[in-house]
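Position 1 is the first residue of the sequence; numbering continues from there.
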Amino acid sequence: MLAREKAYTIRQQSVQAYLLPQQRETQRLEILLNAFVICLPIQLETGIDLRFAPSDLFLAIFLLLGLRKLVFRATVFSLWHFLLPAIFGLATFLSVIYNGNLTRYVLLNKDIGLLVLFATYVALTSVIDSEAKWVRLLRLFVINVSIHNMLAIAVYLSGIELPGINELGVRISGMLHDPNAFGGLLVAAFAIHIVTYCQNRPLIAGRWGLFTLFTLPIGILLTFSRSAWIGLVIVLLMLIGYRLYYALHPTVALAFTFAAILVIRGTAFISEMMVLASRPEQILVRLEILQDALTMFQQYPLFGAGLGSYLQVYGIIIHNTPTWFLTEFGLVGFVVFTGFLLWFLRRGIDAYRSSDQAGRPLLYGLIMAHLSMIGLSLGIEALYQRHWWLIMAGLATVAAVKAPLDSRVRESGIILQFDKGEERT
């Protein structure tokens, strides 16, 4: 008996000696991903027509230290994930054929940029692989975005112009240098926060959570980003469908903000707001862009005009993600892009239906955030917004935990590695 107990103790010590370094390594990688999330609202000007995202630095360190931790899980990947980079490769090839050159914009901003986004997705789904971990990471995301939002609002109300915080003192842009991108970031954080706050398991509870609930819509308003407002309208409509009184919080916040700014700046703010919101000259430019894009699509309807071709011809980007895909990737690329986005939506809805009451708010918030980003994509080329890939990774992972593995996913032959406990094909 003593010999058996001694052998059991030795085996336990051996297991612990093996698992402890593994756990420490995983913790280090989680810290790097936390730093990645903290830096999401920050971009730095480089002076060479290129912005540097500090979050990419932490992603690079993660890949150097944790490359062997990366896995491809059946439940968070689909055929669309592999078709998307394939159509980018085809569009790059067509761009070289049609235009006779491969520009830095296509290679660096688009192709390598897409690889960075996919690396982000793989890193997040490899290490943040449980609902509890995603709750912690999304809590950090919402708190971080809320702090940046309050800083931007404070600078705006003070009337001080700070580079990278507000745009000529009239539109807040945070440290993303872009009111549209910053507005989309705020809408995504708001969508995740409001549903969870009003339930029993809030990401941010108490007074801080309530303060965040009211200040995020204020920031969205002050970006004067029509694209972000589209995303906010989608969130509000989904809140009305989910719980009607949830939509009262942002409505009250926006009404209070409007009244407060009127007191501070006077009635002249109304005319300023109307000009910023309408910007008729920009609307005409956008309509002209769309018209030229559709003309180019008619010339190359099936596989598109090639990646970056519109910029080379007209000297401007399309500012509409679906139209961009239709123009430069053709009908084939547009179908792939649509299928890619709808896959996340379907996985989220399936998981929501099969989830218990406690797990539904987080899923619903992620679904709302995903749909808000689709709305944002109607006004900007939103695919390269890093926080959208954070949302998609979270939605796919939480859905995988909440819903059984779809039979069509199980039957696919694209899975490279499985987690313990997953059914093998």
Side-chain angles (χ1 to χ4, degrees), residues 72 74 76-122 286 289-314 316-348 370-371 373-385 388-389 391-393 395-396 406 408-409 411-416:
F72 290 84
V76 298
F77 276 87
S78 69
L79 181 62
W80 304 109
H81 288 75
F82 295 87
L83 290 178
L84 190 63
I87 64 166
F88 267 76
L90 176 60
T92 301
F93 173 75
L94 293 177
S95 178
V96 174
I97 296 297
Y98 295 151
N99 302 311
N101 65 329
L102 179 61
T103 64
R104 188 191 73 170
Y105 172 79
V106 170
L107 181 61
L108 186 60
N109 293 52
K110 296 303 182 184
D111 288 335
I112 296 180
L114 185 71
L115 293 178
V116 171
L117 294 172
F118 266 95
T120 300
Y121 184 86
V122 174
R286 294 292 179 89
I289 289 173
L290 292 177
Q291 183 178 357
D292 293 336
L294 293 177
T295 300
M296 183 175 283
F297 162 70
Q298 291 172 357
Q299 296 172 352
Y300 307 94
L302 189 57
F303 296 108
L307 189 56
S309 293
Y310 189 91
L311 178 62
Q312 288 205 53
V313 174
Y314 295 101
I316 193 172
I317 61 174
I318 295 177
H319 293 287
N320 182 300
T321 312
T323 306
W324 168 49
F325 268 87
L326 198 62
T327 302
E328 298 189 352
F329 300 85
L331 285 171
V332 173
F334 181 78
V335 169
V336 171
F337 171 69
T338 304
F340 178 72
L341 298 183
L342 291 182
W343 181 84
F344 290 98
L345 186 60
R346 178 185 169 226
R347 290 290 290 151
H370 182 55
L371 286 173
M373 290 302 299
I374 294 177
L376 181 79
S377 72
L378 299 177
I380 65 173
E381 291 186 5
L383 183 64
Y384 287 82
Q385 299 298 315
W388 195 0
W389 289 78
I391 292 165
M392 290 189 287
L395 183 56
D406 187 271
R408 279 172 289 186
V409 176
E411 294 166 2
S412 67
I414 59 174
I415 307 308
L416 302 182

Q) Is a side-chain N or O of T323 found less than 3.5 angstrom from the main chain of L290, in a donor-acceptor match? A) no
Q: Grab the two heavy atoms, one from E328 and one from L311, that are nearest each other, plus how far apart they are.
A: OE2-N, 4.3 Å
Q. Is there a donor-acceptor pair under 3.5 Å between the side chain of Y384 and the backbone N or O of K110?
A. yes
(Q) Ignoring hydrogens, what is the shortest heavy-atom contact between V335 and W80? Give both atom names and the distance. (A) O-CZ3, 3.8 Å
Q | Interatomic distance, L371 atom CG to L376 atom CG [nearest 0.5 angstrom] | A | 12.5 Å
Q) H81 and W343: side-chain donor and acceptor closer than 3.5 Å? A) no
Q) How are the rings of Y300 and Y98 set to each other: parallel, tilted or perpendicular (split at 30° and 60°)? A) tilted
Q.
Ignoring hydrogens, what is the shortest heavy-atom contact between N101 and T103? Give both atom names and the distance.
A. ND2-CG2, 3.5 Å
Q: Identify the heavy atoms of A396 and F344 that sit nearest to each other, and give their distance.
A: CB-CE2, 3.9 Å
(Q) Let me confirm one number: the OG1-CG distance from T92 to L94, rounded to the nearest 0.5 Å. (A) 9.0 Å
Q: Carefully, step by step, assess R347 and L395 under the rule side chain to side chain contact (heavy atoms under 4.5 Å, CB included).
A: CA-CA 8 Å; R347 290 290 290 151; L395 183 56; 6.0 Å; no
**Q.** Heavy-atom pair with the smallest gap, counting every atom of E381 and I318
**A.** OE2-N, 3.3 Å
Q) Is there a side-chain contact between F325 and T338 (heavy atoms, below 4.5 Å)? A) no
Q. Can you name the nearest heavy-atom pair linking F337 to T321, along with the distance?
A. CZ-CG2, 3.6 Å
Q: Look only at the side chain of W389 and the backbone of L383, and say whether a donor-acceptor pair between them is shorter than 3.5 Å.
A: yes
Q.
Using only atom types and a distance under 3.5 Å, with no angle test, would you say the side chain of N320 pairs donor to acceptor with the backbone of L378?
A. yes
Q) For the ring-ring contact (aromatic ring centres under 6.0 Å, His included) test, which of F303, F334, F88 pairs with F329? A) F88
Q. Between T327 (side chain) and W324 (backbone), is there a donor-acceptor pair under 3.5 Å?
A. no
Q) In this structure, are over 12 heavy atoms from other groups packed under 6.0 Å from F93 atom CZ? A) no
(Q) Quick one, H370 with W388, criterion side-chain hydrogen bond (donor to acceptor under 3.5 Å, both in side chains). Give me CA distance, side-chain angles, the key distance, then yes/no. (A) CA-CA 7 Å; H370 182 55; W388 195 0; 3.0 Å; yes
Q | Whether S95 side chain and L307 backbone form a donor-acceptor pair below 3.5 Å | A | yes
(Q) Could you check whether any side-chain N or O of Y310 sits under 3.5 Å from a backbone N or O of I289, counting only pairs where one atom can act as donor and the other as acceptor? (A) yes
Q | Within the 6.0 Å centroid threshold, strictly below: F77 and F118 | A | no
Q.
Is it true that, when you exclude Q299 itself, more than 12 heavy atoms of the residues, nucleotides or ligands shown sit nearer than 6.0 Å to its CD?
A. yes
